[in-house]
*Asks:* 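The structure that follows is given in the form of structure tokens.
Numbered from 1 within each chain, the chains take letters A, B, ... in sequence-line order.
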Amino acid sequence: MDDDSVFLGTISDLFAAWSQDKWHIRQATSADQALDILKQEKIDVIVVDANMPVLDGVQFLKILSRRHPELKKVMLTGLATEERRSACLANGAELFIEKPRSSDGLKAVFAMLDELMTWKPREGFQGMLRKVGLQDVIQMECLGRNSCVLEISNPQVSGRLYIEEGSLIHAILGNLTAEKALQKLLSLAGGSFQLLPFEAPAQRTINGPWEFLLMEAARVRDETAQEASVDGEASRETSPSAGDARQSTVVETLISSEKGDVLYEWQCANAVNRMAWMQSVAQAAAAMAVDSPLGNFDRLELSGSQGRTIAQARPDRLVFVRVAHQPASA
Amino acid sequence: MNETLQQWFDACLGTLGTLGGGVRRPDGSSACRSADETFPTEKVERVVELLAQFQPELSSAMAAPRWSTWQFEQGKIRCVCRPDGWLFGLVVRTESDAANNLNKVSDEFLALDLTASNGSS
């Protein structure tokens, strides 16, 4: 589908010839025409120009995803931006391709479409990850007390997370396992994931509440970004994040619902006081953020030479975790 | 502010991604400044005041924290309180140079010689 009928005719002729007339190509110069064709015929793949007049390509994708969820969708654009790519992939496009400007480029597009024709989705879900997306998927599985294997990959790496009855039990990424692998996987900026049926891993390398594991991974990611920009040694000598020679131990955990019900507690001397404190944290944060571009509050982190405390306020729950640093030799 | 503090403060607020910052003296007076039109000076003053008010509350969650970080979807607020009563608050955008620099400026604030600064105790 493209409003440029000349381009449409040319590319259709070429692709039909290259497919040796195995492809049956229908052409539409508007969304209305395309929807009419989809009503009348079974179409395997639709290629949509992202810059259509009247109905924007992304909006059209949303309609297609709703009305024809089984249809494979490809976006073709003359102006490929990361924002547009994300929007298209998030709205169900299987491929996002820049309009070719050469014969070789056209052949590459043809090859991709030909491959897509024969592609059959595997069982389970598939989607694009954008930073917190992976955390959300893990949270969803853990809160649902599900068992599954989350396979995560991008062009550089591939790894797996094993979730059993809502608990993270193992992570593997290349030579890394356990928390190191989990933290590395959660630091990926993007990629694809699949939820696969649960299978027992060869070993169990992770223990502890998943909430803490996710927050710890977020902390490590933030610190890695910070340390990368700091002029190394001088800062590390004075920074409480200088944890290479220390071990961290969780000494207190409390998770409560938004109504104040204790969902999980470990070594929390006074859960009522702790929840009241977290409520006051959330209130203070809300006062700081009012009429500002800061957005919603996520968490308060306290750092000191003796340890670290994290208080996270989510709409559905409050999480408090206190970690003590100990010398590695202790 | 003494000259050292002023220069350090100016450098902090000049880092890309900084929305605003302020220093609160032990006598309760403060010097705050906006670094981005979306976060006016009045807002920075309010944040620094809230940080100072909340500081005693932190001790129930951790004894003598070196600093605290209030993390939001689009920004972070770093609060550093020195044993001599000086408090520093900095508001930055997430994933910015300023956000990556938080530990460095916090360490610098803790190490500043503020004995000659106006209003110090």
*Asks:* Just verifying a value: how many Å separate A:Asp298 CG and B:Thr69 OG1, rounded to the nearest 0.5 Å?
*Replies:* 12.0 Å
*Asks:* Minimum heavy-atom separation for B:Phe72 and A:Leu294, please, with both atom names.
*Replies:* CB-O, 3.2 Å
*Asks:* Distance-only check: which donor-acceptor pairs under 3.5 Å involve side-chain atoms of residues 280-288 of chain A, not counting sequence neighbours?
*Replies:*
residue, atom, partner, partner atom, Å
A:Ser280, OG, A:Trp277, O, 2.6

*Asks:* Give, for atom CZ of B:Arg66 and atom CG of A:Leu302, the distance between the pair rounded to the nearest 0.5 Å.
*Replies:* 14.0 Å
*Asks:* Is chain A contacted by the side chain of B:Leu19, its backbone, both, or neither, given a heavy-atom distance below 4.5 Å?
*Replies:* side chain
*Asks:* Would you compute the distance between atom CZ of A:Phe297 and atom CD of B:Gln71 and round it to the nearest 0.5 angstrom?
*Replies:* 9.0 Å
*Asks:* With a cut-off of 6.0 Å (strictly less than), are more than 12 heavy atoms of other residues, nucleotides or ligands near CG of B:Asp10?
*Replies:* yes
*Asks:* Look up atom CG in B:Asn103 and atom OG in A:Ser303, then write down how far apart they are to the nearest 0.5 Å.
*Replies:* 7.5 Å
*Asks:* Can you pull out every salt bridge (Lys or Arg N to Asp or Glu O under 4.0 Å) where at least one residue sits in residues 275-292 of chain A? Sequence neighbours excluded, please.
*Replies:* none
*Asks:* Distance from A:Asn296 atom CG to B:Gln74 atom CD, nearest 0.5 Å?
*Replies:* 9.0 Å
*Asks:* I'd like to know whether CD of B:Glu3 has more than 12 heavy-atom contacts from other residues, nucleotides or ligands below 6.0 angstrom.
*Replies:* no
*Asks:* Does A:Val290 offer a backbone N or O that forms a donor-acceptor pair with the side chain of B:Lys43 under 3.5 Å?
*Replies:* yes
*Asks:* Please output the residues of residues 50-59 of chain B in contact with chain A, using a heavy-atom cutoff of under 4.5 Å, in numerical order.
*Replies:* B:Leu50, B:Leu51, B:Phe54, B:Glu57, B:Leu58
*Asks:* Sorted by first residue and then second, give each salt bridge (Lys or Arg N to Asp or Glu O under 4.0 Å) pair with at least one member in residues 261-277 of chain A; sequence neighbours left out.
*Replies:* A:Glu252-A:Arg274
*Asks:* Check whether A:Thr309 reaches the backbone of B:Ala61 with its side chain - one donor and one acceptor, N or O, closer than 3.5 Å.
*Replies:* yes
